[in-house]
2 protein chains.
Amino acid sequence: MKVTIRDVASKAGVSAATVSRVLNKPELVDPETKQRVQAAIKALDFHPNAMARGLSVSRTDTIGLVIPGINDLFFTELYRGIEKACSENNMKILLFDSQHSRHRALEGFTFLRRHQVSGIIFTSKLVDQDYDALFDRIGIPVALALTEATGRTPLPAFKVDDVRAVFDVVAYLVARGHQRIGMITGESEDDRTGLLRLEGYRRAMLHFGIGYSESFVTSGNYRFDGGYAAMQELLKRQPINQLTAICTASDEMAIGAMRCLHDHGLSVPDDMSVIGFDDLQIARMVIPSLTTVMQPFEEIGEQVVRALLQRIEQPSELPRQGTYYMPHRIVERETVKCLNSSTSEEQLEKCF
Amino acid sequence: MKVTIRDVASKAGVSAATVSRVLNKPELVDPETKQRVQAAIKALDFHPNAMARGLSVSRTDTIGLVIPGINDLFFTELYRGIEKACSENNMKILLFDSQHSRHRALEGFTFLRRHQVSGIIFTSKLVDQDYDALFDRIGIPVALALTEATGRTPLPAFKVDDVRAVFDVVAYLVARGHQRIGMITGESEDDRTGLLRLEGYRRAMLHFGIGYSESFVTSGNYRFDGGYAAMQELLKRQPINQLTAICTASDEMAIGAMRCLHDHGLSVPDDMSVIGFDDLQIARMVIPSLTTVMQPFEEIGEQVVRALLQRIEQPSELPRQGTYYMPHRIVERETVKCLNSSTSEEQLEKCF
DNA sequence: GTGAAAGCGCTAACAT
DNA sequence: ATGTTAGCGCTTTCAC
């Protein structure tokens with residue numbers, strides 16, 4: 001039924017070894033026989049069995065990718081970078097969706113391990129000491145995107161500096177005359193990201209002498225509905241009357257918050273400024289378009305692949321370890337109102 | 001280095017076959033030895049090599065998925081259904097992103113074939129006679145999602161009835177008093193979908209005695225920018241002054257069109273009604289939220305997997321062939337204005 | 001430049 | 001219930 005390398009070999013009147021050579025090292029086979037073999041391959045419509053090859057060479061040229069959920073909009077942005085770097089190094093990608101479950105993520109490791117991936121990229125969930133035992137034994141290089149390792153096992157990680165990013169956001173708002181600034185942060189089981197972003201907010205509020213109050217803070221699950229509900233909650237509280245701006249831990253939540261404000265008859269940015277986090281495609285689609293913090297997803301994807309490849313090729317050295325902070329940037333669009341009558345550069349400057 | 005089934009076997013004092021049995025047919029091995037083997041597996045942190053297994057059983061329990069682009073928002077919706085049906089039947093998914101290139105799509109087939117997938121799901125590009133030769137030889141079941149086969153080779157396909165869907169959209173608008181209705185349709189190399197949706201529009205315009213004019217129609221690439229540009233073009237044309245509604249071939253284009261209208265100081269839906277196609281997550285996120293045609297992506301994903309599994313399990317029979325139309329539905333939100341002073345049910349009815 | 005043979009890690013008869 | 005043996009399809013020394 002299935003046509004194998006042997007079928008090709010006999011059709012071309014050569015040995016299987018020769019067919020294998022024209023497939024993998026064509027330069028060291030006589031041009032004439034090469035022709036014959038290639039003709040046979042085409043005639044028989046032969047397609048080499050990747051598993052057999054993988055078994056034989058015990059290498060797959062595949063990297064495994066564990067993601068929290070394929071529905072997360074940021075994931076596709078990240079994927080682009082990963083895909084790019086992989087195809088440049090002709091690596092294949094094996095995807096595993098953990099569906100936001102720690103348990104499933106572990107299953108993912110098992111799955112990828114069985115499939116002999118050369119390396120694993122882990123995305124977006126906190127990698128803490130629970131994973132140490134795993135990584136100690138796994139024997140496969142692991143790198144992290146959009147998260148970092150807090151366990152004993154150090155791992156190369158690529159992400160933005162969340163604390164700094166939100167600090168910058170608050171500074172940006174302060175520079176535009178905002179003082180009463182609220183925060184919608186993230187939340188989930190192991191969500192270091194949300195904590196870091198909150199910390200950036202806290203530090204900035206303190207730094208600028210505004211003061212930090214929990215009553216200005218709510219959290220959501222990073223999604224639209226979470227943002228909506230968080231905004232709802234904020235609107236219920238007393239101090240909200242005084243808020244002029246909200247910073248959020250994700251674009252989706254920012255957009256959910258905008259919808260909530262809209263439903264309450266409040267206008268963005270006239271009644272309330274809103275600022276997102278991620279700079280996804282949707283940030284520029286909504287009206288008003290969303291001012292937000294850009295994460296360089298594509299570059300993060302590329303870097304994490306490179307780090308992984310480096311480890312795969314030189315397992316002995318540990319050239320890249322620990323967290324690398326990739327540059328973020330505030331993308332100015334339409335959801336932040338400047339409250340200063342005089343938008344003097346001077347004023348903007350003094351915040352930093 | 002790598003720990004194999006043999007290592008486990010010797011550690012547990014049994015043969016490799018027994019280890020294999022506890023892995024695959026645990027019921028027919030003595031409980032006591034099973035214990036020993038499992039202990040050895042755990043102690044050695046053994047992970048069976050999926051490739052070796054696949055080679056041996058010549059089956060992978062994997063289906064290949066060829067998609068046009070992972071960035072396309074509709075894809076993640078479809079994926080959910082595919083993933084669900086696959087995990088229910090414990091099938092794995094091997095993803096291949098063709099990046100909207102016909103050439104890459106062909107590479108995808110090669111790739112998936114090498115990896116011995118049991119079946120292939122092809123998404124969203126027209127499958128025409130160019131593929132016939134391929135499918136005749138490939139020997140792997142293929143099923144289609146969101147597209148259909150127009151070549152000689154009949155293939156099970158699951159999609160909405162695009163003609164009917166847009167016809168319904170126009171009927172919906174007509175029932176609400178619209179007559180001067182424009183259309184932004186899709187376009188790309190092999191875009192049957194766009195053509196079908198246009199045809200639905202054309203038929204409806206004729207059916208309702210409004211008349212079809214090319215000057216009311218533009219096209220875009222289904223994306224935000226395409227929708228924006230198409231709307232821009234429509235606004236440039238004379239008749240646009242008389243348009244009261246625009247139907248589009250995708251939510252993203254609808255949202256792009258909305259942005260364009262906004263930039264021209266036009267209000268949706270007061271100055272212009274807009275209706276999308278897809279019902280992606282973003283449809284409910286924008287303000288005003290988008291009235292649109294829902295495609296049952298998740299169900300389509302599930303059905304296509306089921307069809308594929310059926311073919312895989314019973315290759316001889318051809319129980320499911322040809323195109324299955326899945327039900328669409330207009331989701332009413334905020335972008336369509338009713339122009340009738342009296343919204344009589346009677347009036348709505350007579351359109352159908 | 002090409003072929004023969006061994007083996008990658010696992011499973012599946014067939015024995016026992 | 002368990003072990004023995006023979007592959008699955010390919011690559012890779014090692015001869016020639």
Side-chain angles (χ1 to χ4, degrees), chain A residues 1-38 40-41 44-62 110-118 139-140, chain B residues 1-38 40-41 44-62 110-118 139-140:
Chain A
M1 194 65 243
K2 284 269 173 209
V3 25
T4 76
I5 205 172
R6 249 178 271 278
D7 301 322
V8 176
S10 66
K11 170 112 183 171
V14 295
S15 76
T18 299
V19 177
S20 175
R21 283 192 200 95
V22 341
L23 254 25
N24 303 297
K25 282 150 175 140
E27 66 279 7
L28 39 89
V29 43
D30 186 283
E32 195 182 331
T33 42
K34 196 191 324 187
Q35 290 284 331
R36 273 213 322 286
V37 170
Q38 277 160 345
I41 288 177
L44 265 33
D45 194 36
F46 166 69
H47 290 264
N49 183 323
M51 291 188 306
R53 171 166 220 281
L55 223 210
S56 189
V57 302
S58 48
R59 207 164 37 77
T60 53
D61 295 339
T62 296
T110 300
F111 173 74
L112 295 175
R113 222 202 291 217
R114 289 182 174 214
H115 283 269
Q116 312 293 111
V117 297
S118 313
I140 299 176
Chain B
M1 195 65 244
K2 284 270 175 207
V3 24
T4 78
I5 206 172
R6 248 179 271 281
D7 300 323
V8 176
S10 68
K11 170 111 183 174
V14 297
S15 76
T18 299
V19 178
S20 176
R21 282 191 202 96
V22 342
L23 255 25
N24 303 297
K25 282 146 174 145
E27 66 279 8
L28 40 89
V29 42
D30 186 284
E32 194 183 333
T33 43
K34 196 192 324 188
Q35 290 286 329
R36 274 214 321 286
V37 170
Q38 277 160 345
I41 288 176
L44 265 32
D45 195 34
F46 167 68
H47 289 264
N49 183 324
M51 291 188 305
R53 170 165 221 283
L55 223 209
S56 188
V57 301
S58 49
R59 205 164 39 77
T60 53
D61 295 338
T62 296
T110 300
F111 173 74
L112 294 175
R113 220 197 300 211
R114 289 182 174 215
H115 284 270
Q116 312 293 111
V117 295
S118 313
I140 301 177

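Treat the numbers as computed from the prediction; the structure is a model and nothing was measured. Throughout, a chain's letter reflects where its sequence line sits, starting with A, and its residues are numbered from 1.
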*A/Arg53 side chain near B/Arg114 side chain, heavy-atom distance below 4.5 Å*: no
*B/Val14 side chain near B/Arg21 side chain, heavy-atom distance below 4.5 Å*: no
On a heavy-atom basis, which atom in [X] and which in [Y] lie closest, and how many Å separate them?
X: B/Val117; Y: B/Thr60; result: CA-OG1, 3.8 Å
X: B/Val3; Y: B/Leu44; result: CG1-O, 3.6 Å
X: A/Phe46; Y: A/Leu23; result: CE2-CD2, 3.8 Å

_Opening and closing nucleotides of DNA chain C in contact with chain B, under 4.0 Å to non-hydrogen atoms_ = C/dG9 to C/dA13
_What does the B/S/- profile of nucleotides 8-16 of chain D look like, 5' to 3', with a 4.0 Å heavy-atom cutoff to protein?_
BBBBBB---
*A/Lys34 NZ: over 12 foreign heavy atoms closer than 6.0 Å*: yes
_Sole candidate of A/His115, A/Gln116, A/Arg113 that passes side-chain hydrogen bond (donor to acceptor under 3.5 Å, both in side chains) when paired with B/His47_ = A/Arg113
